[in-house]
Amino acid sequence: MSKDTIQNITVEKAATSRINEVDFDNLVFGSVFTDHMFICDYKDGEWKDPKIVPYQPLTLDPSAKVFHYGQAVFEGMKAYRDDDDQVWLFRPDENYRRINKSGERLAMPEFPEQFFFEGLTTLLKLDNAWIKKGFGNSLYIRPFVIGTEAGVMASPSQEYKFMIICAPAQSYYAGDVRVKIADHYSRAASGGTGYAKAAGNYAGQFYPTNLAKEEGYQQVIWTDANTHEYLEEAGTMNVFFRVNDKLITSPVSDRILDGVTRKSVIEVAKDMGIEVEVRPVSVKEIIAAAEDGSLKEIFGSGTAAVITMVKGLGYKGDKWELPQNERSFSQEIKQRIMEIQYNKAEDKFGWRFKV
Ligand code: COI
């Protein structure tokens, strides 16, 4: 194994690549990882020793805080290869900002910007061959931070690992997506961690989502925890409703993730001349719109899922199917965003970042 230092990063290369073992045409989201990973440790009050090593299991003390108190946050990003073999990221500054915002809520130390970008770009250059060409192919990038200090005292860890792992990806959802509107369980409460990409926010959704799956849904649209009267987000995605020719989405709050794709959808839709309303969206109005036929589309937005069209929805035992539209806002917006991501269109918003 060779060791090099690139910028501030120590690099230990994998002796052999696993890339030839991967069936890139039949990827299950997030199940295959590239040859290398980035790690940086926090100890004695500072982040130190940023390095890239072959992808491998970690050894942690069984009493590490992450296992007991869920001190873990993460991000989701993607790298895209264009037709000229250039590799791009999409708004990575937003992910850098958000992982620290999430970390702050979980009493974690801020991760330095320089290490984030040097670690990320060095890793992507090393695992460059894993970023496949073609509209829809990407490399899903998962930065995360975990509290690694040993000891079950319920207090913030004094030691952390910041890591980045990467998985070649195609689509997140295989098949149609139908959503159930939550009327009992909640994802987040005011003053809680809903806006953070905290690991526990996702764990708490698994059980109610499993119940919804038994009823034939793939996702739950979460409602506000107090009244269950307002639609907030769809678990792994922010959510948009098209009523007639207007797009409506809930404002972000301390209960809702400030999605990078969400804010891009809003800007692109406005730029396309679509009317967008960012305001509380009531369950009542969406059910009424489903009943009278003015509910034309529901779609989710997220890094992993990009834009996912919803085929149907359910609420308290009633079910509705969404119509086939001559013009699909979700598909047009998705196309525009992907054209920017894959360097197929002018980037008038300044969102692309060349690796
Ligand atoms: C992402 O879109 O990156 C997400 O965070 C969803 C993830 C839970 C798969």
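The first residue of the sequence shown is numbered 1, and numbering continues consecutively from there. This is a predicted model, so every value here is computed, not measured. Order of listing sets the numbers, starting from 1, for every ligand and every atom in it.
Counting only residues at least two apart or in different chains, ring pair (Phe, Tyr, Trp, His ring centres under 6.0 Å) contacts with residues 263-306 comprise F240-F299.
Note that K43 lies outside the cation-pi zone of Y160, set by a 6.0 Å cut-off to the ring centre and a 45° limit from the axis.
Ligand-side atoms of ligand 1 in range of F74: 5 (O), range being under 4.0 angstrom from any heavy atom. Listed by number with element, the atoms of ligand 1 under 4.0 angstrom from any heavy atom of G76 are 3 (O). Atoms of ligand 1 lying under 4.0 Å from any heavy atom of Y202, numbered from 1 in the order shown and given with element: 8 (C).
For F117 and F353, the ring centers are positioned less than 6.0 Å apart.
In summary, of the residues considered (W88, Y342, W351), a ring-ring contact (aromatic ring centres under 6.0 Å, His included) with Y80 occurs for Y342 alone.
Contact annotation: K197 has at least one heavy atom less than 4.0 Å from an atom of ligand 1.
With a heavy-atom cut-off of 4.0 Å, R142 touches ligand 1 through its side chain alone.
The shortest N or O to N or O distance between Y140 and ligand 1 is below 3.5 Å. Geometrically, ligand 1 and A304 share a nitrogen or oxygen pair separated by less than 3.5 Å.
The single protein non-hydrogen atom nearest to atom 6 (C) of ligand 1 is T236 CB, 3.9 Å, given as residue, atom name and distance.
A salt bridge links D83 to K344: one of the charged nitrogens lies within less than 4.0 Å of a carboxylate oxygen.
Rounded to the nearest 0.5 Å, atoms OG (S301) and CD1 (I333) are 9.5 Å apart.
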